[in-house]
K.L.:
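Got a structure for you, questions after.
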There are 2 protein chains.
Amino acid sequence: MTNQREKITIQQIADYADVSISTVSRVLSGNAKVAADKHEAVLAAVKALNYRPNMFARGLASGQSMTVGVITQHISSPFYDAITKGILEVFEDSPYSPLIVDGQWKLEIEKRALHTLQNRQVDGIIVVGGNLELETLKAFDQHTPVVVVAREIEDFKERCIYTDNFQAAYNATQFLIRAGHKEIAHISGLLEHPDANLRLQGYKQALIDANIPYREDLIVHGNFLPQSGLLAVEALFTRNQTFSAIFCANDQMAMGTQLALYRRGIRVPADVSLIGFDDQPASAFMTPPLTTMRPPAEEMGRSAAAHIFSILKKMPYEAQDHTCELIVRESVSRVR
Amino acid sequence: MTNQREKITIQQIADYADVSISTVSRVLSGNAKVAADKHEAVLAAVKALNYRPNMFARGLASGQSMTVGVITQHISSPFYDAITKGILEVFEDSPYSPLIVDGQWKLEIEKRALHTLQNRQVDGIIVVGGNLELETLKAFDQHTPVVVVAREIEDFKERCIYTDNFQAAYNATQFLIRAGHKEIAHISGLLEHPDANLRLQGYKQALIDANIPYREDLIVHGNFLPQSGLLAVEALFTRNQTFSAIFCANDQMAMGTQLALYRRGIRVPADVSLIGFDDQPASAFMTPPLTTMRPPAEEMGRSAAAHIFSILKKMPYEAQDHTCELIVRESVSRVR
DNA sequence: TTATATTATGAAAGCGTTTTCAAGGATAAT
DNA sequence: ATTATCCTTGAAAACGCTTTCATAATATAA
């Protein structure tokens, strides 16, 4: 039933339905009117012979690959994984297939990935995060539409799907401030990464707006990995800092932070409050469950896919808002 | 520099290098000898004109797509993600591209995925987990080679990359027993899932071999998700069971378990020891860090990719062993 | 040397579609 | 009725490559 002796071509369908191959092609692609009876006959033939069009012939003749490239950054970050998931979801019921290639957050590898996709003649690409520069992206966009997700690129914003990291960080910090905290440490992400920087700025602004002095000595630079959260706490203690709350630039570092605190017998949130960013799946099950900022990752992924599709179909795309949501759990308490 | 006016065809290379297109094709595919000087000339032309072969024309003419389908199960399980990562890694430096489609652990969707891949005429496929039945797989394998990873299918083992879940669970349980535990609860995974069942059996056998009675009332059936671990602990207490250790069929449930214990003020490992399975990234940063069984996920992914490549190249493949490793951290203590 | 087996090369025949083009039939307008 | 217009349809020309086949050139054997 799956396939009988392979190799059913459009010609056989034409013969079976007693029409020309042009007609078959037309009903299959829907690019032109054909009489109702022939239309039906063709469909019947397709079903009867279990015909599968040959993608290569199609691609060669039409110049369309029905494939969209996706450049991911697979350092197993739950946030990016969620985006990818959202993207794949939308592809599910589309005629396009995603071609996923890994950029690994390395410019060189990302460029190679772009080449691969170019070679495969994808009809469009979705870039998830990464470091590709504006010019590269724009050049590529010249011949193949590009959509970028989880990144905000000046002068290319109409093609970017992103969330306001500054505002989200601002809100997270404000939440801490409103709980009475004044000595709030911040463990930043990799500052080369725009998100990390934006979050740091948001944190800073929230302090300033609340008339709390911004203190360099309460900042530790991490790299988004859990281990760096742990190290950051050690650094804070080495500096002999006191603080009643920590805002981590992501949940992974919050986990490291939490462990460091636990090892020192410091309780969360009784002694120190903790707030993260990302709401990765594990965060809801930390002890205690982590209060964190949740970016609409899957939703952004879905938007990105929807966006590229509407470009391919030459339909207008209506931009959506993607704002982070504060998930209040149990890692923050009012200051003693 | 990226591409100048598109559309460089093999013909132009032939003209530029002053040879026939057949010759160009031959040096590019390496399927036949060509004189050294022409060989060089062609390569030079390719570089000079920045030629990229058209995949569709290639595929159409040769019948090869240079694409391998990967059916994943993207319910964001760190274990399966790690496998995918391993697979992608090996693809990186191969002429093949992976075509990833999501099976979502649903038979019907997996079958549709198989169809998609068939339509795209992949040269081979890698199935990560999932529920596809032996017959389906074998039928497909008739025309397109199949490799299965993270699953052990009777009568198809030569194509399966898996780890011994029974033995791993046995060892994990034995570790608890050797630490003096006798009342060991087990939170199983979804029993429809072979891995879950194997782990349960391994647990059982370890008890039996240690002369500890196997007690149904110490078993709770979970579904691999964290929430079910939490619920399982509640169930245990509702049943009024006493136990000094819990073996969870995966780390995610261990997190739920840990949270449930924490809520009740039960300390790990002081009051109850906990052991998981998978060693997901978050486990090393739980409070306390989780002792767990680590399956060589990435390695298995790499093996799967290597296996399919060797089949495609018609080279022999030497099977490798993939055994789990016990990662001892801080969630298990000797019994009081 | 001459006859024979190899080898490198080009011409040309596909591969299975889409799409342009022209023709024929039907419909509408005069 | 007669002519002009519109659709539907099939023939045939791409699409850009691989591969078979025949040929010319070269190396080997006699």
Side-chain angles (χ1 to χ4, degrees), chain A residues 3 5-43 45-46 49-67 95 118-123 143 312, chain B residues 3 5-43 45-46 49-67 95 118-123 143 312:
Chain A
N3 67 334
R5 225 68 339 269
E6 297 267 3
K7 296 293 163 191
I8 305 293
T9 79
I10 201 173
Q11 182 63 64
Q12 320 206 27
I13 301 298
D15 294 347
Y16 190 103
D18 201 32
V19 295
S20 74
I21 64 169
S22 323
T23 301
V24 176
S25 174
R26 282 190 265 259
V27 356
L28 259 33
S29 67
N31 288 334
K33 298 237 117 60
V34 333
D37 54 338
K38 312 215 176 205
H39 187 101
E40 238 172 77
V42 168
L43 256 31
V46 165
L49 304 183
N50 185 31
Y51 168 70
R52 316 287 188 92
N54 180 311
M55 298 305 267
F56 295 112
R58 256 226 232 288
L60 181 58
S62 72
Q64 302 237 298
S65 66
M66 299 313 279
T67 298
Q118 190 162 203
N119 278 345
R120 298 245 158 203
Q121 283 150 278
V122 295
D123 295 334
H143 52 271
L312 291 175
Chain B
N3 67 333
R5 226 60 349 264
E6 297 266 5
K7 297 293 163 192
I8 305 294
T9 76
I10 200 173
Q11 182 65 62
Q12 321 207 31
I13 301 299
D15 294 347
Y16 191 103
D18 199 33
V19 296
S20 74
I21 64 168
S22 323
T23 302
V24 175
S25 173
R26 282 190 266 260
V27 356
L28 259 34
S29 66
N31 289 333
K33 298 236 116 64
V34 333
D37 55 336
K38 313 217 174 204
H39 186 101
E40 238 173 77
V42 168
L43 257 31
V46 164
L49 303 184
N50 186 29
Y51 167 70
R52 315 288 186 94
N54 180 311
M55 297 307 262
F56 295 111
R58 252 223 232 290
L60 183 57
S62 72
Q64 301 237 301
S65 64
M66 299 313 279
T67 298
Q118 191 162 201
N119 278 345
R120 298 246 158 201
Q121 286 151 277
V122 295
D123 296 334
H143 52 273
L312 291 173

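Just so we're clear, the structure is a prediction, and the values are computed from it rather than from any experiment. Order of the sequence lines fixes the chain letters, A, B, ..., with proteins taken first and strands second; residue numbering starts at 1 for each chain. What you see below is based on every heavy atom in this structure, not just the backbone, and it leaves out hydrogens, waters and symmetry mates.
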K.L.:
Is there a donor-acceptor contact under 3.5 Å linking the side chains of B:Thr23 and B:Ser20?
P.N.:
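B:Thr23 vs B:Ser20: donor-acceptor pair found between side chains.
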K.L.:
How far apart are the closest heavy atoms of B:Arg26 and B:Ala32, and which atoms are they?
P.N.:
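The answer is CD-CB, 3.5 Å.
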K.L.:
When the distance from CG of B:Leu28 to P of D:dT18 is rounded to whole Å, what number comes out?
P.N.:
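Distance, rounded to whole Å: 7 Å.
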K.L.:
Taking any atom closer than 4.0 angstrom to a non-hydrogen atom of chain B, what span of DNA chain C does the protein reach, first nucleotide to last?
P.N.:
C:dA8 to C:dG16
K.L.:
Could you tell me whether A:Asn119 atom CG has more than 12 heavy atoms of other residues or ligands within 6.0 Å of it?
P.N.:
yes
K.L.:
Closest heavy-atom contact between A:Pro95 and B:Arg120?
P.N.:
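Closest heavy-atom pair between A:Pro95 and B:Arg120: O-NH2, 3.8 Å.
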K.L.:
Which letter, B, S or -, goes with each nucleotide of nucleotides 4-15 of chain D from 5' to 3', with contact meaning a protein heavy atom under 4.0 Å?
P.N.:
----SBBBB--B
K.L.:
Provide, to the nearest angstrom, the distance between the CD atom belonging to B:Gln11 and the P atom belonging to D:dG16.
P.N.:
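Roughly 11 Å, once rounded to whole Å.
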K.L.:
Ignoring hydrogens, what is the shortest heavy-atom contact between A:Leu28 and A:Tyr51? Give both atom names and the distance.
P.N.:
CD2-CE2, 3.5 Å
K.L.:
Distance from B:Arg52 atom CZ to B:Thr9 atom OG1, nearest 0.5 Å?
P.N.:
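Nearest 0.5 Å value for the CZ-OG1 distance: 15.0 Å.
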K.L.:
Please assess A:Ile8 against A:Asn50 for the test side chain to side chain contact (heavy atoms under 4.5 Å, CB included), listing each intermediate value before the final yes or no.
P.N.:
CA-CA 8 Å; A:Ile8 305 293; A:Asn50 185 31; 6.0 Å; no
K.L.:
Considering every strand and a 4.0 Å limit on heavy-atom distances, what is the contact class for B:Ser25: base, sugar-phosphate, or nothing?
P.N.:
base
K.L.:
Taking CD1 from B:Ile13 and P from D:dG16, how many angstroms apart are they, rounded to a whole number?
P.N.:
13 Å
K.L.:
Go through the steps for B:Gln121 and A:Asn54 under the test side chain to side chain contact (heavy atoms under 4.5 Å, CB included), then give the verdict.
P.N.:
CA-CA 8 Å; B:Gln121 286 151 277; A:Asn54 180 311; 3.2 Å; yes
